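Values in this document were obtained by computation on a predicted structure and should not be read as measured data. Along the sequence shown, residues carry numbers from 1.
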Amino acid sequence: MISKKHWSPGSDVWVQGVKRRDSGEWLVSGVLAPRGICPDCGLHSRRRHGWRQRRLQDLPAHGDKVTVALWVCRWRCPASTCPRRTFSDYTSSIARPFARRTSRADDIVGHLGHATGGRPAERLLRRLGVGVSNDTVLRHLKKCAESVAPPPTVIGIDDWSWRKSQTYGTIIVDLERQTVIDILPDRSVESCASWLRQHPEIEVISRDRCGGYAKAARQGAPQALQVADRFHLVQNLRQAIEEQMNMHGRATGRALLSDAENISTANHLLRSRLAHRKSREEIFRNIHALRDQGLSCSEIGRRTGLPRRSVAKWLSSDSPPDRRRAALKPTSPWYFESILADLWKQGIRSGQELLVEIQRHGYEGSLSHLQRLLAGWRRDEQTVLAGPTDTPLPLAPVRDPQTGHAISPVVAAALCIKPRRKLTADQAQKVDALKAGSPSFATMRSLAMRFQGILRGDQSAPLDAWIDLAIETGIPPIMRFARTLHRDIEAVRNAIELPWNNGQAEGQVNRLKTLKRAMYGRAGPELLRARMLPLRHTD
C-alpha cells in the first residue's frame with residue numbers, strides 16, 4: 001500500500017491527504033515545514049503573516065496526473081532595516097520559484113525534451129501522465145541550456161552546413177571531455193574570434209585546414225597552439241594525387257567480352273554503365289557490328305549493358321542520336337546569350353553591370369550562374385591573347401590488368417595512399433600496373449607512404465626534408481600541396497607531435513545533422529545548441 005510518505009514531493013513536506021478526483025487525477029494536499037528564515041538578512045522570524053498555496057504538477061501515479069496542493073507559510077521579517085518586509089519559506093528542494101511543476105517532474109521533461117525534441121516529447125509525456133505542450137518542453141530545454149559548462153582547455157572547431165554549399169555554422173567541441181561546448185550560427189572569422197576571446201583558458205585548438213579558423217585562432221586565442229587535423233592532411237594529399245592522375249584521362253570503357261565471359265559475369269554486366277564510359281560513336285559502331293553478326297536487340301543489350309529500347313533506337317538511325325537538351329529558361333544566362341554578346345563587344349565586362357542589364361530583359365537567375373558563363377568567355381580571350389601554349393597532352397589511361405577497365409583517378413589516388421600490407425591481391429596488381437604505366441605514380445606513392453609514416457611518428461623533424469623532396473619532384477599538384485604545408489608548418493608539426501585531432505568534432509557534426517534532419521531543418525541555433533549540449537549541462 002502506498003503511504004503518505006510515498007506521495008510526498010520532498011522531505012520537508014508533510015502530506016495531509018490524498019484524494020482521487022472523478023476525472024481520475026490525484027490531488028495530494030501537503031504543508032511545507034515552517035522555517036521562518038529571511039533570505040536577505042538571515043534572521044529567524046516567529047511572526048507569521050499568513051499562508052499561500054502552490055499547485056504543482058508532480059510525477060504521475062498509475063498513469064494518471066498528480067497535482068500537489070502545497071501550503072507555504074509566509075512570515076514577517078523582524079529586522080526593521082531589512083528591505084524585505086515579508087517572505088515565504090524556501091522551496092528550492094521541491095520546486096523552483098514560480099514553477100508549475102516539481103523539480104523531479106521538470107527533470108523528466110528535460111530528459112525527454114533533450115532526447116526527442118518538442119512534439120515527440122509532448123506525445124510521450126501525455127502518455128506517461130504529464131500533460132505539457134511542445135512549447136513548454138522547448139522553453140524548458142532552452143532555459144536549462146543557459147548553464148555554463150566547465151572551462152575547456154583543448155577544443156576542436158569544425159563547420160557544418162545549415163544548407164549545403166550555401167550557409168554554414170560552427171561547432172566547438174571539448175576534446176578532453178568529448179562533449180559539445182557551443183554552436184555558432186555562422187563560420188565567420190569575427191564570430192569565432194569573439195568566442196575565443198571569451199575563453200582565454202584555451203591552450204590547444206584542433207581544426208581542419210580552413211584558413212578562416214586559423215585566422216580566427218590567431219586573433220582570438222594567440223596563446224593557444226593550433227593543431228591541423230591529420231585526416232584532412234591525408235585527404236588533401238589524396239586530392240593532389242587525383243589531380244595529377246587526371247592527366248591520364250578518364251575511364252573510356254572496356255572491350256566487349258566473349259560469350260563465355262559474358263555467361264560467367266552476367267550478373268555484373270546487366271547494369272553496367274557502358275554508355276558513360278565510351279564515346280557515343282564507338283557505342284554506335286559496336287551496336288551495328290553486333291547487329292551485322294545476326295544478334296538480336298536483347299542479346300546486344302545483354303552484352304553492352306544498354307536497355308533493349310535504346311539498342312533498337314540506335315539501330316534505327318544512321319548516326320548516333322543527339323542528346324535531348326532542355327529548353328532554355330529565363331533562369332539561365334544562356335537564354336540571353338545574344339544580349340550578353342552585344343554588351344560584351346561593347347566593352348562591358350563587369351558581372352554586376354551585365355546582371356543589371358539582363359535583369360531588365362527578364363533574367364531570373366543568380367549572379368554566380370552568370371559568372372560561370374562569363375568565366376568561359378574570359379578564358380577564351382586569354383587563350384587568344386596568349387597564343388598557342390605548350391600544354392601537356394593527356395597520357396594514355398592505365399588499364400586494370402584483370403578486367404581491361406581504365407583505372408579512374410579516384411581509384412588510383414585511393415590506392416596510392418594505401419599501404420602495401422593492406423592491399424588485396426587485385427589492388428596490388430592495379431598498383432603495379434599504375435607504377436608501370438604512369439611515370440609519376442611511383443614517385444607519388446613513395447612520397448605518400450613516407451608522409452603517412454611521418455604522421456604516425458612522434459617526431460616532426462623529417463617533415464622539412466619531405467617538403468623539399470616533394471617540391472623537387474616537379475609534379476605541380478604535389479608541389480602546391482607541399483607549399484601549403486610549409487605555410488601552415490607549425491600546425492602540421494603540432495599534429496604530428498600532439499595526440500589531438502578533429503575526429504571527435506567530425507562525429508559531433510554527424511550527430512548534429514541527424515538532430516537537424518529529425519526536426520525537419522526547422523530548428524534554430526538556440527534549440528540545436530540545447531540538444532547538442534550534454535545532458536549534465538542541462539540538468
Side-chain angles (χ1 to χ4, degrees), residues 2 6-10 13 18-30 54-70 91-147 149 160-164 169 171 179-180 182-183 185 507-539:
I2 300 178
H6 292 95
W7 289 98
S8 176
V13 177
V18 180
K19 182 173 65 174
R20 187 178 180 89
R21 296 181 176 178
D22 297 337
S23 60
E25 298 181 2
W26 297 90
L27 179 63
V28 179
S29 301
R54 293 189 65 181
R55 299 183 71 85
L56 302 171
Q57 184 180 8
D58 200 10
L59 295 177
H62 304 286
D64 295 323
K65 182 179 178 180
V66 175
T67 302
V68 177
L70 182 64
T91 60
S92 61
S93 61
I94 302 169
R96 293 176 300 182
F98 307 104
R100 296 187 178 183
R101 292 177 298 278
T102 60
S103 297
R104 60 189 185 184
D106 261 351
D107 290 341
I108 298 299
V109 173
H111 277 70
L112 284 177
H114 184 273
T116 63
R119 293 189 184 278
E122 176 189 6
R123 292 191 291 269
L124 289 172
L125 288 169
R126 288 191 184 279
R127 181 65 183 85
L128 294 173
V130 182
V132 294
S133 66
N134 62 317
D135 292 334
T136 301
V137 173
L138 297 181
R139 184 167 56 250
H140 175 76
L141 183 61
K142 294 176 183 178
K143 185 176 180 180
C144 292
E146 296 174 357
S147 59
W160 55 277
S161 60
W162 283 101
R163 191 172 182 183
K164 190 173 181 180
I171 185 171
T179 57
V180 176
D182 207 346
I183 290 177
Q508 295 291 353
V509 168
N510 289 337
R511 176 169 162 251
L512 187 148
K513 290 179 179 178
T514 302
L515 292 178
K516 183 168 70 74
R517 291 186 175 96
M519 294 184 282
Y520 301 97
R522 298 175 62 185
E526 186 180 5
L527 178 56
L528 281 176
R529 178 181 181 273
R531 292 198 64 188
M532 285 296 296
L533 290 178
L535 191 59
R536 63 173 177 271
H537 291 174
T538 57
D539 284 345

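Minimum heavy-atom separation, Trp26 to His62: CZ2-CD2, 4.1 Å. The minimum heavy-atom distance between Leu141 and Gly110, with the atom names listed, is CD1-O, 4.3 Å. Ala105 and Asp58 get closest at one heavy-atom pair: CB-C, 4.2 Å. The two residues Pro60 and Val130 come nearest to each other via the heavy atoms CD-CG2, 3.6 Å. The minimum heavy-atom distance between Ala95 and Leu56, with the atom names listed, is CB-CD1, 3.8 Å. Shortest non-hydrogen contact noted between Val66 and Ala61 is CG2-N, 3.5 Å.
Residue pairs meeting the salt bridge (Lys or Arg N to Asp or Glu O under 4.0 Å) criterion with at least one partner in residues 110-128, sequence neighbours excluded, are Glu122-Arg126.
Under the side chain to side chain donor-acceptor pair (under 3.5 Å) criterion, Arg96 pairs with Asp106, sequence neighbours left out. Under the side-chain contact (heavy atoms from CB on, under 4.5 Å) criterion, Thr514 pairs with no residue, sequence neighbours left out. Leu128 is linked by a side-chain contact (heavy atoms from CB on, under 4.5 Å) to Leu112, counting only residues two or more places apart in sequence or in another chain. Asp135 pairs by the side-chain contact (heavy atoms from CB on, under 4.5 Å) definition with Ser133, Arg139, not counting sequence neighbours.
The neighbour count for Arg104 CZ, taken as heavy atoms of other residues, nucleotides or ligands under 6.0 Å away, is above 12.
Between Leu27 and Arg55 the shortest side-chain heavy-atom distance falls below 4.5 Å. Within the 4.5 Å cutoff, no side-chain heavy atoms of Ile94 are placed close to those of Arg54. Between Thr136 and Arg101 there is a side-chain heavy-atom pair separated by less than 4.5 Å. Using a 4.5 Å cut-off on side-chain heavy atoms (C-beta onward), Leu512 and Ile183 make contact.
Distance CG/Leu515 to OG1/Thr116: 10.5 Å, rounded to 0.5 Å.
Side-chain atoms of His111 come within 3.5 Å of backbone N or O of Asp107 as a donor-acceptor pair. Although no hydrogens or angles enter the test, the distance criterion places no donor-acceptor pair under 3.5 Å between the side chain of Thr67 and the main chain of Gln57. At distances below 3.5 Å, not a single donor-acceptor pair connects side-chain atoms of Ser29 with backbone N or O atoms of Ala69. Put simply, the side chain of Trp162 gets close to the backbone of Pro185: a donor and an acceptor are under 3.5 Å apart.
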When you look at Arg511 and Val180, which way does the side chain to side chain contact (heavy atoms under 4.5 Å, CB included) test go after all the steps?
-> CA-CA 11 Å; Arg511 176 169 162 251; Val180 176; 4.3 Å; yes

Only pairs under 3.5 Å count here: list side-chain donor-acceptor contacts from residues 519-535, not counting sequence neighbours, and write none if there are none.
| residue | atom | partner | partner atom | Å |
| --- | --- | --- | --- | --- |
| Arg529 | NE | Asp182 | OD1 | 2.9 |
| Arg529 | NH1 | Ala145 | O | 2.9 |
| Arg531 | NE | His114 | O | 3.3 |
| Arg531 | NH2 | Ala115 | O | 2.9 |

